[in-house]
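I have placed the structure first, in the form of structure tokens, so that the comments after it can refer back to it.
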Amino acid sequence: MNVIELHKKTWDRLQARRERLPHALLLVGQKGMGKFELARLFAAGLLCEQPTPDGTACGGCLACNWFAQGNHPDFRLLQPEALSAEGEVEEGKKKPSQQITIDQVRALDDFLTVGTHRGGLRIVIVNPTEAMNRSTANALLKTLEEPPPSSLFLLVSSEPMRLLPTIRSRCQLIAVPTPQPAHAEKILAAAGLNDAARWLALAGGSPGLALEMGNAGQGAWLGTLLTRLGAGPRLDPLAAAAELDKVLRDGKGKVLLKQFVEAVQKWLVDLTLAGGRLPPRYFLAEQGTIAGLAAMIPPARLIAAYRASGVRRQEAEQPLNARLFLEGLFLDYRALFANR
Ligand SMILES: [Zn+2]
């Protein structure tokens with residue numbers, strides 16, 4: 001996905017800072033906007049020896065080569081170990097940390113005090129900045145308060161309100177807004193995603209999430225699930241559970257139970273909207289079915305079902321038995337339509 005095209009205005013705003021760089025920029029926006037990728041591309045462009053006129057890296061110089069291989073001497077990425085080690089966790093090993101550790105922040109001291117390659121810039125990306133406990137955040141704050149010359153911090157955050165106010169106030173804010181759907185669809189389609197509009201709606205307008213969902217082959221199981229949900233009062237809960245359980249097993253870890261629950265949650269949101277005569281937020285193509293079903297359900301039941309689905313979403317992380325879990329899910333769903 002071309003995040004520069006996706007966020008052209010933000011990119012131009014970043015480039016406008018190029019000549020007079022502050023010590024720290026804070027990129028904020030919804031999850032799945034490509035903020036981290038944007039920060040990385042900006043850093044690459046700054047370190048490049050012959051950047052193109054729009055500020056992107058040339059991709060061919062020595063600096064670009066180092067950067068691509070992850071060993072540019074003037075660049076550091078601070079992120080939780082769990083993000084770096086994705087998919088490489090061996091059994092029996094300690095679980096990788098979900099947090100940026102204080103040791104990672106302290107290790108910056110050496111990096112920031114030695115001279116830079118060819119007297120250029122030193123850049124640190126922190127991603128996501130909210131993944132720090134208080135003492136780690138305070139350690140980072142110390143560094144931000146006394147920034148060495150020619151250093152730039154690029155902080156990335158989806159939850160800026162969770163940051164220390166003192167960290168926020170040290171940074172210039174760069175908003176990475178949610179793009180207009182039509183624009184995002186164009187970029188997603190150019191990235192090879194079929195049905196971009198559908199995935200974007202399902203992802204609540206987040207292009208990154210839309211791409212992830214579309215590429216994860218969710219199309220197949222989502223169709224199966226929606227057909228079952230669309231049956232409403234005629235749903236056979238046990239058969240539906242058996243079918244989805246098979247999808248899970250065939251998915252060999254690529255399809256997760258929690259994804260089913262999340263899809264059902266979205267379905268409940270759309271049913272609630274339809275009950276208030278509002279258009280669906282997620283399942284645009286199923287609007288007619290959803291409106292028909294919503295007319296059969298008392299609104300109070302939907303609210304209770306949505307609350308219960310939050311608990312289910314938690315349980316889906318560690319279900320004792322997926323088949324039983326799904327049977328419960330579908331039995332409760334069909335009960336929405338029961339006469340009383
Ligand atoms: Zn270059």
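Read the numbers this way: they start at 1 and go in the same order the structure lists the ligands and their atoms.
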Give a yes-or-no answer on whether the side chains of [X] and [Y] include a donor-acceptor pair shorter than 3.5 Å.
X: Asn138; Y: Ser135; result: no
X: Tyr333; Y: Trp267; result: yes
X: Ser97; Y: Glu81; result: no

Problem - Val176 backbone acceptor or donor facing Lys35 side chain under 3.5 Å - result: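 Such a contact is absent between Lys35 side chain and Val176 backbone.
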Practice task
Determine, step by step, whether Asp236 and Arg228 satisfy the salt bridge (charged side-chain N to carboxylate O under 4.0 Å, His left out) criterion, reporting the C-alpha distance in whole Å, the side-chain angles of both residues, the deciding distance to 0.1 Å, and the verdict.
Solution key: CA-CA 8 Å; Asp236 178 343; Arg228 292 289 182 175; 5.8 Å; no
Problem - Sub-6.0 Å ring centroid separation between Trp221 and Phe260 - result: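 Aromatic pair counts; centres sit under 6.0 Å.
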Practice task
Could you give me a count of protein N/O/S atoms that are under 2.8 Å from the Zn ion (ligand 1)?
Solution key: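 Excluding waters, the total comes to 4.
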